[in-house]
Amino acid sequence: MISIAIDGPSGAGKSTIARMVAGRLGYLYVDTGALYRTIALFFLRHGVDVEDGAAVGQALGQIQVELRYRDGEQQVFLNGENVNGEIRGDDISQMAAAVSPLPVVREFLLGLQRDMAKKDNVVMDGRDIGTVVLPEAQVKIYLTASAVQRAKRRCDEYRAKGIACDYEELLNSVMERDLKDTTRAISPLRQAEDAELIDTTYNTLEESVNLITDYVTRKIASLG
Ligand code: DC
């Protein structure tokens, strides 16, 4: 099996790019952020306090997360319920940033992620895929863009959907999340030593997808 790990900060275009690259290669796209978001959804629904270790442990004992694919699109299930439509809100993003530093949560999701890569050729995106989840991945990419550009893109996305956007607030939230993701004790966001750094600040989406597909194709060919 071939695994392509794509890590990087939020808003760098990882999921859109990873999905498109996976589509071109005929690989399965695995969005690992959705797993953390699903845990966050359960915690929000049940008022679980992330500071309370016993409550967190108990909650994880009641959670079953599963990934299934419908028309090639990843669907995430929480205890048998398809929660794909419930995990993109801002409240979930905030909660996901609070649950993802917890070692028990990371451990809880590790096996599921590794199993996906054992069964299929995958393009897996996240924060620690190349460093922790799939350290043996044949191709690793660290995808980034300036915080200003990432906030601007997110604002454009909101506006396109008719949602009002406060750019300054969004930029602060991007920087806050970067800080949380890069400074946490367990599996902090960082570039793996053998990962290719790709900065998309000045690229269009299409340019980035072409660049990465070319890089991945050359890298896979070189594996022989
Ligand atoms: O990529 P995203 O915004 O959907 O990720 C949601 C949260 O989960 C974010 O705070 C980072 C975290 N995350 C993580 O810690 N490790 C991953 N492999 C994927 C996401």
Out of curiosity, Arg177 CZ to Gln94 CD, how far, rounded to the nearest 0.5 Å?
7.0 Å
Spacing of Glu107 atom CD and Ser187 atom OG [to the nearest 0.5 Å]
9.5 Å
Closest non-hydrogen contact found for Leu134 with Ala117 is CD2-CB, 3.6 Å
Closest non-hydrogen atom pair between Ile63 and Val65, with its separation:
CG2-CG2, 3.5 Å
Pair Arg190-Tyr142, side-chain donor/acceptor within less than 3.5 Å:
no
Are any side-chain N or O atoms of Thr32 and backbone N or O atoms of Asp125, one a donor and one an acceptor, separated by less than 3.5 Å?
yes
Kindly say whether Met1 contributes a backbone atom to a donor-acceptor pair with the side chain of Gln138 at under 3.5 angstrom?
yes
Show your working on side chain to side chain contact (heavy atoms under 4.5 Å, CB included) between Val216 and Tyr27 and close with a plain yes or no.
CA-CA 12 Å; Val216 169; Tyr27 286 18; 5.8 Å; no
Are Lys140 and Asp194 ion-paired here, with the side-chain N under 4.0 Å from a carboxylate O?
yes
Check this for me, if you would: do Lys152 and Asp156 make a salt bridge, where the nitrogen-to-carboxylate-oxygen distance has to be below 4.0 angstrom?
yes
Testing Ile198, Asn203, Leu143 one by one against Ile17 for a side-chain contact (heavy atoms from CB on, under 4.5 Å), which residue passes?
Leu143
Given Leu25 and Ile2, is the side chain to side chain contact (heavy atoms under 4.5 Å, CB included) satisfied, shown in steps?
CA-CA 11 Å; Leu25 297 169; Ile2 294 179; over 6 Å; no
Any side-chain to backbone donor/acceptor pair from Asn84 onto Gln74? Under 3.5 Å, distance only.
yes
Heavy atoms of other groups near Arg88 CZ, more than 12 under 6.0 Å:
yes
Just by modelled atom types, is the Ala54 backbone N or O under 3.5 Å from a matching donor or acceptor in the Asp52 side chain?
yes
Do Val123 and Val30 belong together in a cluster built from hydrophobic side chains that touch within less than 4.5 Å?
no
For Gln64 and Asn79, which I'm curious about, is there any donor-acceptor pair between the side chains at under 3.5 Å?
no
Tell me yes or no: between the side chains of Arg24 and Asn210, is some donor less than 3.5 Å from an acceptor?
yes
Kindly check if the number of other-residue, nucleotide or ligand heavy atoms within 6.0 Å of CD (Glu206) is above 12?
no
Looking at CG of Asp166 and OH of Tyr158, how far apart are the two atoms once the value is rounded to the nearest 0.5 Å?
11.5 Å
Would you find more than 12 non-hydrogen atoms of other residues, nucleotides or ligands less than 6.0 Å from Glu207 atom CD?
yes
Under 3.5 Å donor-acceptor, Asn82 side chain and Phe77 backbone:
no
CD (Gln149) and CZ (Arg154) are apart, to the nearest 0.5 Å, by 12.5 Å
Taking Arg37 for the side chain and Ile87 for the main chain, is one N or O donor matched with an acceptor at less than 3.5 Å?
yes
Smallest heavy-atom separation, Lys14 atom then Pro9 atom, equals NZ-O, 3.1 Å
Given Arg150, which of Thr144, Asp178, Thr200 fulfils the side-chain hydrogen bond (donor to acceptor under 3.5 Å, both in side chains) condition?
Asp178
Are Phe42 and Leu78 close enough, and set up right, to give a side chain to side chain contact (heavy atoms under 4.5 Å, CB included), and what steps lead you there?
CA-CA 8 Å; Phe42 184 95; Leu78 170 60; 4.1 Å; yes
More than 12 heavy atoms of other residues, nucleotides or ligands under 6.0 Å from CD of Glu81: is that the case?
yes
So, for Ser100 and Arg106, which heavy atoms are closest and what is the spacing to 0.1 Å?
O-NH1, 2.8 Å
Please report the closest heavy-atom contact between Gly130 and Ala5, naming both atoms and the distance.
N-CB, 3.7 Å
Determine, stepwise, if the pair Leu110 / Arg114 fulfils side chain to side chain contact (heavy atoms under 4.5 Å, CB included).
CA-CA 6 Å; Leu110 194 58; Arg114 287 187 175 155; 3.6 Å; yes
To the nearest 0.5 Å, tell me how far Ser3 OG sits from Glu136 CD.
10.0 Å
Are Glu157 and Arg159 close enough for a salt bridge, meaning some N to O gap below 4.0 Å?
no
Give a yes or no on whether the backbone of Ala195 and the side-chain of Gln191 come within a donor-acceptor separation of less than 3.5 Å.
yes
For Ile92 against Glu86, the heavy-atom pair lying closest together
CG1-O, 3.6 Å
Would you mind telling me which of Glu73, Met20, Arg19 makes a side-chain contact (heavy atoms from CB on, under 4.5 Å) with Tyr29?
Arg19
